[in-house]
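Single-structure report; data block below.
The chains referred to below are lettered A, B, ... by the order of the sequence lines, with proteins before strands, and numbering in each begins at 1. FYI, side chains are in, hydrogens and waters are out, and symmetry mates aren't considered; it's all heavy atoms of this structure.
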Amino acid sequence: MVKPGHTKEGKSADRWRFRHPLWVRLAHWLNVLCLPILLMSGFQIFNAHPALYWGERSDRDRPILAMKALRAENGELRGVTTLFGHSFDTTGLFGASRNEAGALYRRGFPEWATLPKHQWLAMGRRWHFFFGWVFVLNGFIFAAYSLVSRHLWSDLLPKKEEIRKIGASIRDHLRFRHPFGEEAARYNVLQKVAYTGVVFVLAPLIVLTGLTMSPNLNAAFPWMLTLFGGRQSARTIHFIAAFAFIGYTLLHVLMVAITGLWNNLRSMLTGWYLIRQSGENHEKTN
Amino acid sequence: MKKRISLGRRGFLARAAQFSGLFLLAGCDTLSRKAWFEGLLSSAEGLTQRAHRLITPRKAMAREYTEADLSPVFPVNGTTHPGTAEYLAWVENNFADWQLEVGGRVEQPARFSLAALRDLRSRTQITRHDCVEGWSAIGKWKGVPLRLILEQVRPRPEARYVVFHSADPDELGHYYYESIDFEEAYHPQTILAYDLNDQSLPIGNGAPLRLRLERQLGYKMAKYIMRIELVERFDTLAGGKGGYWEDQGYEWYAGI
């Protein structure tokens, strides 16, 4: 094990830095396990009624989004997705997609996107609620630890002067100019905004909208219905928040890849991060 | 040398992605069919139920809406018509010789005609019906509080659950049934409904009598009720899970 301050091959100024404590790494990888399972079992649940509405009720003739299978004039099945009254042919993806034998059949999200693969609402719910608990407990422990250990204040929350320079940081990111050296050892302002936003805004939002679909919790806490504008609105927001998680994850993985995939992965697995003094971190990662 | 390493890594990455994809799709599907794993996943149900008991007041009332909030059409789901000879005969004479039988672990078993149920004190409520599939509809229900029936038949001390036996069999001849605990049974909004939107309950919605259990999902609210049985335990009935859909893998506690 190379200790901090020691050098490993090449430039003498490169240093190892212990970046992520064990509890952060555990929480991170638990989320990596939970999120795809929650997403895919969520699609399974959605497929039982593949439409979204606003308000308390679901009037079938007024969906925000609906995925349907319609017979074309030539007798072929077509997948049609309607969003705010505009219809799109989404055959093969939404509304109607192929089974293993290659035959089109009625289905919201296709088999490869759902857990379990086949229509099985009861099992989708079991996966979703079990890993929902894991995700929520993990999030609570992370949030509590962040407060107690001051991880939130020292690493996650952006400082005032950082916020002021956020424009420059956005410009740098768009030009793929990423911090290196000592600067890369700490989160930059965009990372801070993204991580804080996901942990303390997006995650609570998706959990609360999920809970607002519970008729028992509705009875006990009617303010949740009021807050989200009704049960069907909560379901819609829950769905949008799931896609926000997909968007965040894609961006996160892209940034991890282009700022030094192995260095970043190693630091999230072992905690140790290599700080390079020359060049950008992502140029020499082998 | 370096190039070969990175290619190797790329190949490794591709395999890793494939493997995780396969694991998620095939692996999880296989896991779904393993009894031990299903047991593990199902442990969340108990946790959810206990957590709900802990944080939600037992007397909490489901939100009640106004006439303006009613769904233009209240959907019909599940059985649309029991179709048995017995049921057809009841429909024929407008349920005049239909009777609700209440028995099991009670001091005073009783039978109620539809007219007798209508003569009892009624409760009207405009509530939201949430289907496990994800849709919601708002309807106006009128019926007799289950509490009144239970007070008449007087449950014995060992009775723990109220079971509803329905008139509709599936293709395999399994009859619909459901069970609830006493806490739900005595809740003021738990009614045996005979009217929907000021009309006699339509056949598609469970005529002549259906359960309203406003803090749980739609499948708990048995339609076409013929018989109510008070029991100590429900694992001796049908599939043993306490309800028609529960026997097919749905949660007995349907508060989420």
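- Among the residues in residues 172-187 of chain B, none has a non-hydrogen atom closer than 4.5 angstrom to a non-hydrogen atom of chain A.
- Here B:Arg233 pairs with B:Asp235 under the salt bridge (Lys or Arg N to Asp or Glu O under 4.0 Å) rule; sequence neighbours left out.
- Heavy-atom minimum distance, B:Asp69 versus A:Arg57: O-NH1, 2.7 Å.
- Minimum interatomic distance between B:Ser136 and A:Arg231 (heavy atoms only, all atoms of both residues): OG-NH1, 3.1 Å.
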query = For A:Leu217 and B:Ile55, what are the C-alpha separation, side-chain angles and deciding distance, and is it a side chain to side chain contact (heavy atoms under 4.5 Å, CB included)?
reply = CA-CA 9 Å; A:Leu217 294 182; B:Ile55 64 168; 4.2 Å; yes

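- Looking only at distances, no side-chain donor or acceptor of B:Asp130 sits under 3.5 Å from a matching main-chain atom of A:Pro215.
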Verdict with reasoning, A:Thr226 to B:Arg63, per side chain to side chain donor-acceptor pair (under 3.5 Å) = CA-CA 11 Å; A:Thr226 309; B:Arg63 176 176 275 190; 2.8 Å; yes

task = May I have the step-by-step check of side chain to side chain contact (heavy atoms under 4.5 Å, CB included) for A:Asn216 and B:Thr56, ending in yes or no?
result = CA-CA 8 Å; A:Asn216 185 53; B:Thr56 63; 3.5 Å; yes

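- Only the side chain of B:Tyr253 comes within less than 4.5 Å of a heavy atom in chain A; its backbone stays farther off.
- Scanning both residues, B:Ser32 and A:Pro116, for their nearest heavy atoms gives OG-CG, 4.0 Å.
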inquiry  = Test side chain to side chain donor-acceptor pair (under 3.5 Å) on A:Asn218 and B:Arg128; report intermediate values, then the result.
reply    = CA-CA 10 Å; A:Asn218 287 165; B:Arg128 198 189 66 232; 2.5 Å; yes

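- Residues of residues 235-252 of chain A lying within less than 4.5 angstrom of chain B, judged on heavy atoms, are A:Arg235 in numerical order.
- Looking only at heavy-atom pairs under 4.5 Å with chain B, the residue among A:Gly55, A:Pro222, A:Ser58 that has the most is A:Ser58.
- The environment of B:Arg160 atom CZ is sparse: at most 12 non-hydrogen atoms of other residues, nucleotides or ligands sit within 6.0 angstrom.
- Contact count versus chain A (heavy atoms, under 4.5 Å) is highest, among B:Gln189, B:Met61, B:His52, B:Glu45, for B:His52.
- Taking CD1 of B:Ile256 as the reference point, atom CG of A:Leu211 lies at 8.5 Å (rounded to 0.5 Å).
- Contacts with chain A were tallied for B:Gln216, B:Gln248, B:Lys59; B:Gln216 has the most, counting heavy-atom pairs under 4.5 Å.
- Atom CZ of A:Arg106 sits in a sparse spot, with 12 or fewer heavy atoms from other residues, nucleotides or ligands closer than 6.0 Å.
- Using a 4.5 Å cut-off between heavy atoms, B:Leu70 touches chain A through its backbone atoms (N, CA, C, O) alone.
- Contacts with chain B were tallied for A:His118, A:Arg60, A:Met213; A:Arg60 has the most, counting heavy-atom pairs under 4.5 Å.
- Contacts between residues 119-141 of chain A and chain B, defined by a heavy-atom separation under 4.5 Å, are made by A:Trp120, A:Leu121, A:Ala122, A:Met123, A:Arg125, A:Arg126, A:Trp127, A:Phe129, A:Phe130, A:Phe131, A:Trp133.
- Looking at heavy atoms from C-beta onward, B:Val73 lies out of side-chain contact with A:Asp59 at the 4.5 angstrom threshold.
- Neither the backbone nor the side chain of A:Thr212 comes within contact range of chain B; no heavy atoms are under 4.5 Å apart.
- For A:Gln232 against B:Gly134, the heavy-atom pair with the smallest separation is NE2-O, 3.0 Å.
- With a 4.5 angstrom heavy-atom cutoff, A:Glu56 touches chain B via backbone and side-chain atoms both.
- Among B:Ala51, B:Ser42, B:Pro57, B:Ala137, the residue with the largest count of heavy-atom pairs under 4.5 Å with chain A is B:Ser42.
- Of all the listed residues (A:Ser214, A:Gly230, A:Ala220), the one sharing the greatest number of non-hydrogen pairs under 4.5 Å with chain B is A:Ser214.
- No side-chain heavy atom of B:Val132 sits under 4.5 Å from any side-chain heavy atom of A:Ile45.
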